[in-house]
Every structure is written in C-alpha cells, then in structure tokens.
Amino acid sequence: MNGDEMVTVYIMGKRHRVPANLTIMKAMEYAGYQLRRGAGCRGGFCGACSTIYRMRGSFRLQVALACQKMVEDGMIITQLPFIPSEKKRYNLEKLRPDPGVFLEYFPEIARCLSCNTCTKACPQDLMVMDYVQAALRGDIKTAAELSFDCLSCGLCAVRCPAEIVPYHIGQLARRLYSRYIVGPSHQVQNRVMEIEKGIYDEEIRRLKSLDINMLREIYSRRG
Amino acid sequence: MQKSISLVEETRRERAGRSFPFMSMEERRRILEEWHPDYKPGTKRPLLIGPSRGMIVPHEVADILEAHPLIGPNEIDVTDPEYDVDVLVIGAGGAGLSAALTAQESGIETEGILMVQKLRLGDSNSKMSQGGIQAAVGPDDSPALHFLDIIGGGLFANKPELVEILAKEGPEVIRWHESLGVIYDKNPDGTMKLISGGGTCRNRMLTCKDYTGLEITRVLLDEFLNREIPYLEFTCAVELLTDEQGQVTGAVLWDMDSDEYRVVRAKSTILATGGFGRLHIQGFETTNHYGATGDGIVLAYHVGAVLRDLDATQYHPTGAAYPEQLVGQLCTEALRGRGAQPVNRLGEMFVHPLETRDAESAAIIRECYGRDLGVTTPTGMRGVWLDTPLIDLLHGPGTIEREFHAMYRMFGRFNIDIRKEPILVFPTLHYMNGGVEINPRAETSIPGLFAAGEVCGGVHGKNRLMGNSQLDLYVFGRRAGRYAAERARKVQAGRPTLNHIERYERWLEEAGIKTSRKAPILLPEYRGKRTLEHIIKLL
Amino acid sequence: MSLRLAYYPGCTLKTNARNYEASAIASSKALGIELVELPRWNCCGTVHALAKDDVMHYIAPVRNLIRVEQLKNSGLVDDGRLVTLCEMCYNTLKRADVTVKEDQERRRKLREVMEEEPPYSGGGVEVIHLLQLIREVGWERVKKRLVRPLRGLRVAPYYGCLLLRPRGIGIDDANNPTIFERLIESLGAEVVEIPFKAKCCGSYQTVHMGHVASELSYRILRQAVEGGADVITLACPLCEYNLGERQGEIRGLFPDLKYIPVLYFTQLMALAFGLEDSVGLEMNNPDPRPLLRRKGFP
C-alpha cells in the first residue's frame, strides 16, 4: 500500500484525514489522541481496545480491536472505555463440575435467544453463541474449548440482546475444566515432592560453589 | 519479496529435518560483540547519580533516571493519606496478581491490600507472552539442569541464589496454576506437553496453546476478583513515599481518569510494574505493552534502590518485519521450537533456530546488515524469513492452526497464511534483563520496598531465556506477597514524606544535570506524525 | 448397515433427562437406527415464546434446521430427517419448519436477521419424534428385539399436549391416539388407559404457580393409580418433572395420593431389550426399582 494515501475517518464525530495504512489505534494517535483507556498490548492479546464503528453508507454496526483493524475511508469510530459487568464471585474449591453450575451463577443464560449476535461481534471470530449454549446445557468441556481464545474485550456482552456477559461464563468453564475435568498433573506433583524432599539440593549447591570458569565448562558440555 | 519466497520454497524440503550447527562459546561472544545492539558504541552512558552511579545504561534509560521527579517535594500534602493499608501492590500483571493473592493467603486482611494498575486490570506484558513457561517437570529434566540453562543463558551474571529459587520453585508454580484452573497443554497420556526453547538443554516449555500468558493471567485475575481484593484501575504510581529512616511507606498515585493525586500509606510496597519496551531503546520497535515505560526503575531509583544489569537489553530475534501494521510484534519463539527455521533471502539457513536470544538476534542482524542477505520491505524494513510452513511439514497438517492459533490469526488478518508462506522477521525490543536488584525475599535494597517480575534485576543476568520471565513472575510475585505480608505484620507504618525527592533533586544538581525531562513518563508519546516513525538506529 | 439420522437432543436431555437420552440412543441402536447428534445445536427456541418480537421465536429453531441441512450435505446422515425426544423441542422445531415454509414474510425477515447462515426455506428438514420413527420401523421389529418382555407390568401411557397438538403437527390422532399403546403392547406390557392421557400436566405453570400444576398433575396421577397401573410412561422431560419429581410436593396438597413411578418410554424399551446399562433408573423419582424388582425385572 502506498504510504501517502490518505483516508477520511470520523473519530467520535470529528473528521480527520489520516494515512490509509494505519490501524484504528494509530490513526487515533495520528489525529492527536494520547490514549489512556482503549489501548493495551497493541498486539491483539489483551482486548483493551474494543471499538465500534459504522461505515458511511451502511447501517451495520461493526466491531473491532483498534490495534488490529485498519482504517477505511468513511469509518465512523468510537472506542469503548469500559464494559460494565458484574464478575460473579465463586470459590473454585467449593464448586463442582455439575451441569447446573452455569445456571446457578448465570441464570440469565436461559434468556439466550440463539440470535448469534455475540458470535458476529467477536473480533477473535469465536463461536460465542455456541459456547453460551454449551454452558446452558452444562457441557463444560465444549464451553472451555470454544472460549479458549477469548480476550475478554467485552464486545459480545455489549451486543447481547439477552444481556448475557459471555466472557465470564467462558472463564468459569475453563477453570472448571482444568480443575475438575482434566485434573492436576501427577508428573508435576511428583516433581514438587522430589524438590521438597531436597533431592536436587546437593547438585545445585555444587553448581553454586563452582568458580565461573568451571561453571562455564559444565554449561557448554551439558547435553 | 515474492521472488525470495520462491527461493525459500525451493530449499524447504531439503532443509526440513536438517539442522544448522550451534555456535561455540567463542563464536557466540564474537557475534554478540560485533552485531548485538547492546555492544554498539555510542548507545549508552554511565549513570551520573544515585546508588548505581557509574553503571552503563542505554541513553533512553539514563534519560528517565537523570530526570526530575514528576512532583515537587512540596507540591502535595502526603501527611493525610486517603488509603492506609498493609500491602500496596503496584502493577496488576502476573507478578502483581500473584503477590496480592499470596499476601492475602499469608494472613493480610483483604481490606489491608490495595492493588493499583496504570491501565486496565490484568493488561500487561505477562498477558502477551505466547511461547510458554519453563519448569523442570520432564522425566529427563531437573532443577539443576534448569539452573545451568538460566545462568549460562544469562552470561553467568545472574545472582545464583535467585537462579536457584527460580529453578526449584518452577514445578510448584505449575502445580499452583493447575489448582487454580489454568489449562496447560497435555499429551494424550495426560503428561505435560513440553517443547524446546532457545538455550535450553531439555524440552522444558509448558504451553497453553500460543496464549500462555493470557491464559495464566486471566485465571489469576479471575481469582483476584473472586477474593474481592480492593483495586484501583487506570491509576498509576508517580512517586513512592519514605519515612524519616528512608524506608518506603507507600506511594503517591495519579488517577488517569480524573487527573488527581491520591496518597496511599503502606507498611509494605511491592513494585510489579514491568519493563521498558516503550522507551524504544535505539529506536527499536517493541513487543511490549503500551504501559511498559520503565516507571518502576524510576520510582525505585528515586528512593535510592540499587539497580543492576540494565546495560543488557533483550531483543527478541523474531519480531514481525512485515506487514507494516505488525512491525515489531512478537512471533513466538515456540515457532522455532516446533521447527520453523530462520533463512535468508536466498533460502539458506545461517543460524541454528534455537540459539539464546541474544545470539540469535545478532545473527539475524548480521545477515541483514553485515552480509546484505536480508529482504527489504517497501517501507524500508529489513528482515529474514522465518519458514513457518516447515512446522506443518514436520508435524503434519493442522499443527499450526492447533498450536499457533494466535499467530495464524494475527497474520491472517493481513491475508498472510503462515501455514503456506514464510513470515519476515527482525529483532524487536522485548525485555528488560536487568532492573531493581532483589534478594531471595524479593526485597530491594530499601526496607519496605519489594519488587517482582520484569522490574527486577539479578534473576536472568544479562540475557533471559524464553519462558523464564513467565516463571519469574509467579515465583517472585508469590515471594514478594509472602515477605511483604510478613513485614506488614511486624512493623508500624512510617510517617510518609517526600524527603527523597529533595535528595534526588540535590543529586541532579550536584552532578550538574540540567534538564527539563521529568519521569516516570507513564505513557509513550505517539501523537501526530510520531506514530509513523520507525527509525532503527543500526547503521 | 444401520440407518443414520440427525438427532436433536434439547437441553434437558443433557441434564435432568440424561436417562431419556441414553435409553433412546441405546434402544434405537438396537432397532438399527443410529442417532447422530446434531453438531452445534442450540436451544430449540421454546423459551422464546416469552419474547414479544415474533421473529425471535423462529431464529433458534430455524438455526437448528439449518444445521441439519449442513449435516445432511456433509453425508454424515442418510436423509433430511431430524429425530427429537423432548415434546417441547419436537413441537417447537416442527412448528418453526411449517411456519417458515408457509409464511413468506417471516421467511424473508429471518433471512435478513440470520444473514450469516445459509438460507432456509422450510420443508428441507423433516422433524420427527422418535415414537414416529419406531412406528415406521414397525412394531414387529420391536417385538423381535425383545430380550425380556415386560410381562405383567401395567403401564399407563401419558401423551401430554405437545405430541398431539396442533393438528398437522401432532404425531397421532389428537382425540384417540394409539401410538404409545401399540408400543407398550409390543414390549409385552399391559396398557392401562387413563382418561386424562392427553390433558396438560401443568407445563411451565410449575415455575410460578406450583399449585396449578399440582392440581392438574394430581388428577392424572390419581387416574393412573386408581386404574391399577404400576408405572406411567411418557415422552417429555417437563411432564416427567411435573408427574414424577414433584410427587412429593403434590402429596403435600393431596395426601391420599400413592407414589407411582414415571418412566420415559425409551426406558421401558431399553429394559425390554436387555440394555440395563442404558436404562438409568437411578435418576427417576420416585424410584421405580423396588417395584420393578418385585415384578421380576432386574
């Protein structure tokens, strides 16, 4: 793309001319914003830069992560500084992976209309509605797997007509799945026990006592 | 670029399964001196003030340390704190969250803890880590071998007592994570899936697909919220507080929403503020979070804490060099761990894919700038190919989509299919190897001030290995929480003052430093045309 | 080669009515029918009856019908039929299909709202209930498969409302249904007729007006007991809840009522086919096992 090409965007209604090869985030900075809310890892891993926009000439309300989406001519943009939601408190140790666990903490999932709006709103292209439905029928594994790549950006939650907050449900599903369905690794627990017994202490003590040249020698010969 | 891609394709089958020899210790030393950015003359200077005076650091670091504190000694009244707590945790990434949880488990009342976070709760470099976390859990592995890898990778400059702790507490951290519900990748027989990383003599990397940091951080955050520990988001620390003895006794916060100061008195203060990628050392692009502006080293230095190893900066060998929108972003080392090879413009291998990060980076820079065998992009970035299609070739179709979904998705957004095409990479600023010196109790040299995570120095020496920073966060984060709680139970809260600011201003004056710079800088400055800049000061 | 058919479970079949599903799958298999669970199925749509916007009533069921067409096209099932167990699911899915087919305006609106899915015109999928399928397979085949005929067991069939209504959707004559009776006879058991076999059990009234459901259910239960039935059999998890699970509560209002076990028809089939592992009687309440043991069934 030619670096000189410019496009017109409307940031919270204000018209700006910005280079066409910028992401929404960089375009906002180019336009003079120093972001506080609405910027995070800048690499598509944190979900802090949830953005909604419409294109001129289209009725569609579209969603994006500002750090991952290129500006386009005619984009009308605003960021979402915060997604209101209540994180349900639970004690994982006292939960059990029962089918009814989701309905107990999130009774509103019974209001899911299967409208699929959440899925359409996901910038990670996750099948959000499918994992909410999986939670509704108590299928923890499917809910965990389908929600794994979720960044908690919250866009699904602001679009849901049933006012469900899907990412909280996915989080509970994943923790239950790991804790109770997969279960802890014996391999890890055994190694922790060995270490607590002091099995490796002597060897490490010896390494620590060596002068740097000896240590270097052992390091380069380790295999 | 297309022509060069065909050359890569032509040599792929022949390269598959073949390896390039590792460098000897001598070769590694030579290539670092000649090509690693850390060794480039004119990029650093000795610090003129403070307890680590004389330490050589990059200009960008010296600039924020040799700068006026943001607030003057009499600018705000700190004698009537808005918050009075036992443990203050600054920074809500992996280390800060671990510290807060552990402080509570160590008997500090929930209301006695306060977490402050500059940006959104949980957003951090911790969350962005893709490749994995090291822990010596494999049957052929041991904490002693892990110890050797850490200390050798760190050029033997690490504090051995910290290395020992990191290696020995690794498996316990994984056990803790699993008890909290982190989903680690496992083999069909239930054992942990272990992959290799640069500079490790065993397959020791545990993964959560290529969202390892995201998965761990969000579980810790969920647990943190479950426990109702008080927190302030979009609130950063701009200065620490000290009492008459010079012990740290809280912090001055700045509310990023209301632009107001808030004063916290604390018996123990934990710095978990992360690194400095957003200082763009030598103009390098960075993999780091927006908030990684080195605030912690500035705050610690203001109160007189000793720093170390800040002369060594980690450049991740494989940052994206194309497309333009992704320049600088991380292409996880696990790609190389699973078989992707760096190759030059002619489709030739020139370095073992899993050298330590410093050596791997130096070799890529040499290929581009020393041998002119790199590829130049339309915007003038240079890079070499990382031949990702090898992964599916070696491990079967579907491997990339399954194990590297984040990478596949990131490039896919720009119509690059990493299953079929190689990606162009160049080293990118990744990690602050040094930082505030700590001891095994995560104490800094100043009583009352603890530190954990990337802000610390001593654990990784001059060069950190892949997966050891993730581990470091939890090992030392938990230690910081435990020992900060122990101190808080023993001491009385001191009378908060800003006396150290007066002293710092005096140091600046005595050293003859005349500057308008102020620090910490809190946010990088990208407004206007700066957002278009990338000028790597290589030549 | 068994007949493979798309199968729609519905949410209750995965939770409170797992015994219904397990016994249905096992019994069908015994009859040479492989029930292939519909991938990515969502709620049948029955909860949306509460919504005001009419289009919303159809999105969920129609999306499931689209999934059936996708499954059919993938070749993993043999034809475009969708087998259901829950009466509510059957009714909702079936009605949605008919509506989409007949109502052009609704069809157009649905396409607009569900633009991310392939269009569905109605009629491409035939929603059936497992009872219909068994009738089609033939009572003779059921009889041939018997391992332990249910001789001596007196069974009162209860249809509920949604299997038979409205006309055109119902699987049998709404005034004089016989499909359950034929099945019971084929299994070697004895039919106990009750006058209210197609009257409402109270349905969702159970949520907010428990006493209404209790009164309605009580009449049905009493008829079965007075008619000398050992067990009631039915085809709907909500009916099972009202008639079975809530018997204790009903006895609070009507102390004269005697406990009577309530079983899904598929449980009777699995019992008669010798598929003990799939009967799932431990989930039934009241517990039918003492009675069945008395009658000589394990």
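Residue numbering restarts at 1 for every chain, and letters A, B, ... go by the order of the sequence lines. A quick note: this is a predicted structure, and the numbers were derived from the prediction, not measured.
- Residue contact with chain A, scored on non-hydrogen atoms closer than 4.5 Å, involves the backbone of B:V182 exclusively.
- Counting heavy-atom pairs under 4.5 Å between each of B:H177, B:H405, B:Q130, B:E169 and chain A puts B:Q130 at the top.
- Minimum interatomic distance between B:P143 and A:I195 (heavy atoms only, all atoms of both residues): CG-CD1, 3.7 Å.
- The residue among B:G328, B:A320, B:G152, B:S142 with the most heavy atom pairs within less than 4.5 Å of chain A is B:G152.
- Looking at A:K69, neither its backbone nor its side chain comes within 4.5 Å of chain B, counting heavy atoms on both sides.
- Among the candidates A:L92, A:L207, A:V182, the residue making the largest number of heavy-atom pairs closer than 4.5 Å to chain B is A:L207.
- Interatomic distance, A:C41 SG to B:H289 NE2, rounded to the nearest 0.5 Å: 6.5 Å.
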Residues B:F156, A:Y219; criterion ring pair (Phe, Tyr, Trp, His ring centres under 6.0 Å); working and verdict: CA-CA 10 Å; B:F156 305 95; A:Y219 172 73; 5.6 Å; yes
Yes or no on salt bridge (Lys or Arg N to Asp or Glu O under 4.0 Å) for B:R409 and A:D125, after CA distance, side-chain angles and deciding distance? CA-CA 9 Å; B:R409 173 184 285 129; A:D125 299 324; 5.4 Å; no
side-chain contact (heavy atoms from CB on, under 4.5 Å) between A:R42 and B:Y290, worked out: CA-CA 7 Å; A:R42 305 174 73 100; B:Y290 187 47; 3.3 Å; yes
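- Contact of A:S185 with chain B is made through backbone and side chain together, with heavy-atom distances under 4.5 Å.
- When each of A:Y180, A:F82, A:F45, A:Y33 is checked for heavy-atom pairs under 4.5 Å with chain B, A:F45 comes out on top.
- Chain B forms more heavy-atom pairs under 4.5 Å with one residue of A:S220, A:A31, A:P184, A:A48 than with any other, namely A:A48.
- Interatomic distance, CG of B:L326 versus SG of A:C67, reported as 9.5 Å (0.5 Å rounding).
- Between A:E93 and B:S179, the shortest heavy-atom distance links the atoms OE2-O, 3.7 Å.
- Neither the backbone nor the side chain of B:K118 comes within less than 4.5 Å of any heavy atom in chain A.
- Atom CZ of A:R15 has 12 or fewer neighbouring heavy atoms from other residues, nucleotides or ligands inside a 6.0 Å radius.
- B:P139 touches chain A through backbone and side chain together, each having a heavy atom under 4.5 Å away.
- Interface check for chain A: of the options B:E233, B:R202, B:E525, the most heavy-atom pairs under 4.5 Å are formed by B:R202.
- Heavy-atom neighbours of B:M25 CE from other residues, nucleotides or ligands within 6.0 Å: above the threshold of 12.
- Heavy atoms closer than 4.5 Å to chain A are found nowhere in B:R227, neither backbone nor side chain.
- Of the two parts of B:N125, neither the backbone nor the side chain holds a non-hydrogen atom closer than 4.5 Å to a non-hydrogen atom of chain A.
- Interface summary for chain B: among A:Q124, A:M28, A:E203, the most heavy-atom pairs under 4.5 angstrom belong to A:Q124.
- For A:L215, the parts lying under 4.5 angstrom from a heavy atom of chain B are both the backbone and the side chain.
- Within the 4.5 angstrom heavy-atom criterion, atoms from both the backbone and the side chain of B:L523 approach chain A.
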A:R179/B:L180 under side-chain contact (heavy atoms from CB on, under 4.5 Å): CA gap, chis, key distance, verdict: CA-CA 7 Å; A:R179 178 71 182 77; B:L180 289 172; over 6 Å; no
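- Without hydrogens or angle criteria, B:N226 side chain to A:N91 main chain gives no donor-acceptor distance under 3.5 Å.
- Proximity to chain B is absent for every atom of A:I199, based on heavy atoms less than 4.5 angstrom apart.
- Contacts between A:L35 and chain B at a heavy-atom distance below 4.5 Å involve backbone atoms as well as side-chain atoms.
- Taking the ring centroids of A:Y30 and B:Y526, they lie at or beyond the 6.0 Å cut-off.
- A cation-pi arrangement is present between B:R218 and A:F148 under the rule of less than 6.0 angstrom and at most 45 degrees off the ring axis.
- Geometrically, A:R37 engages B:F234 in a cation-pi contact, judged by NZ or CZ lying under 6.0 Å from the ring centre and within 45° of the ring axis.
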Tell me, with the steps shown, if B:D222 and A:K87 meet salt bridge (Lys or Arg N to Asp or Glu O under 4.0 Å). CA-CA 8 Å; B:D222 194 60; A:K87 218 299 287 175; 2.9 Å; yes
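- Residues A:K208 and B:V163 are not in side-chain contact: their nearest non-hydrogen atoms beyond the backbone lie 4.5 Å or more apart.
- Listed for the B:R175 side chain is no donor-acceptor partner under 3.5 Å among the backbone atoms of A:Q189.
- Between the side chain of A:R191 and the backbone N or O of B:G138 there is at least one donor-acceptor pair closer than 3.5 Å.
- Each of B:S24, B:S124, B:A144 has some count of heavy-atom pairs under 4.5 Å with chain A, and the biggest count is that of B:A144.
- Both the backbone and the side chain of B:E223 come within less than 4.5 Å of a heavy atom in chain A.
- Distance check, rounded to the nearest 0.5 Å: CD of A:Q68 to CZ of B:R413 gives 4.5 Å.
- Heavy atoms closer than 4.5 Å to chain A are found in both the backbone and the side chain of B:E172.
- With hydrogens and angles ignored, the 3.5 Å screen pairs no side-chain donor or acceptor of B:Q325 with any backbone N or O of A:M70.
- Listed options A:G40, A:A39, A:G47 were ranked by heavy-atom pairs under 4.5 angstrom with chain B; first place goes to A:G40.
- Interface remark: B:F22 contributes no atoms to any contact with chain A (heavy atom separation under 4.5 Å).
- Heavy-atom pairs under 4.5 Å with chain A were tallied for B:D123, B:I183, B:T217; the largest tally goes to B:I183.
- Counting heavy-atom pairs closer than 4.5 Å to chain A, the top residue among B:G190, B:A406, B:A136 is B:A136.
- Interatomic distance, NZ of B:K186 versus OG of A:S178, reported as 6.5 Å (0.5 Å rounding).
- Contacts of B:M192 with chain A are made by both backbone and side-chain atoms, with heavy-atom separations under 4.5 Å.
- Screening A:R89, A:Q171, A:K88, A:H168 against B:L225 for a side chain to side chain contact (heavy atoms under 4.5 Å, CB included) leaves a single residue, A:R89.
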Walk me through it: do A:R205 and B:E164 pass the test side-chain contact (heavy atoms from CB on, under 4.5 Å)? CA-CA 9 Å; A:R205 196 158 33 239; B:E164 176 180 7; over 6 Å; no
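- Taking NZ of B:K127 as the start and CG of A:L151 as the end, the distance is 7.5 Å to the nearest 0.5 Å.
- Within the 4.5 angstrom heavy-atom criterion, only backbone atoms of B:T200 (N, CA, C, O) approach chain A.
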Please report the C-alpha distance between A:V192 and B:K168 in whole Å, then the side-chain angles of each, then the deciding distance to 0.1 Å, and finally whether the side-chain contact (heavy atoms from CB on, under 4.5 Å) criterion is met. CA-CA 9 Å; A:V192 169; B:K168 274 169 61 176; over 6 Å; no
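- Residue A:R206 does not touch chain B at all, counting heavy-atom pairs closer than 4.5 Å.
- For the atom pair CD1 of A:I204 and CG of B:L148, the computed distance is 9.5 Å after rounding to the nearest 0.5 Å.
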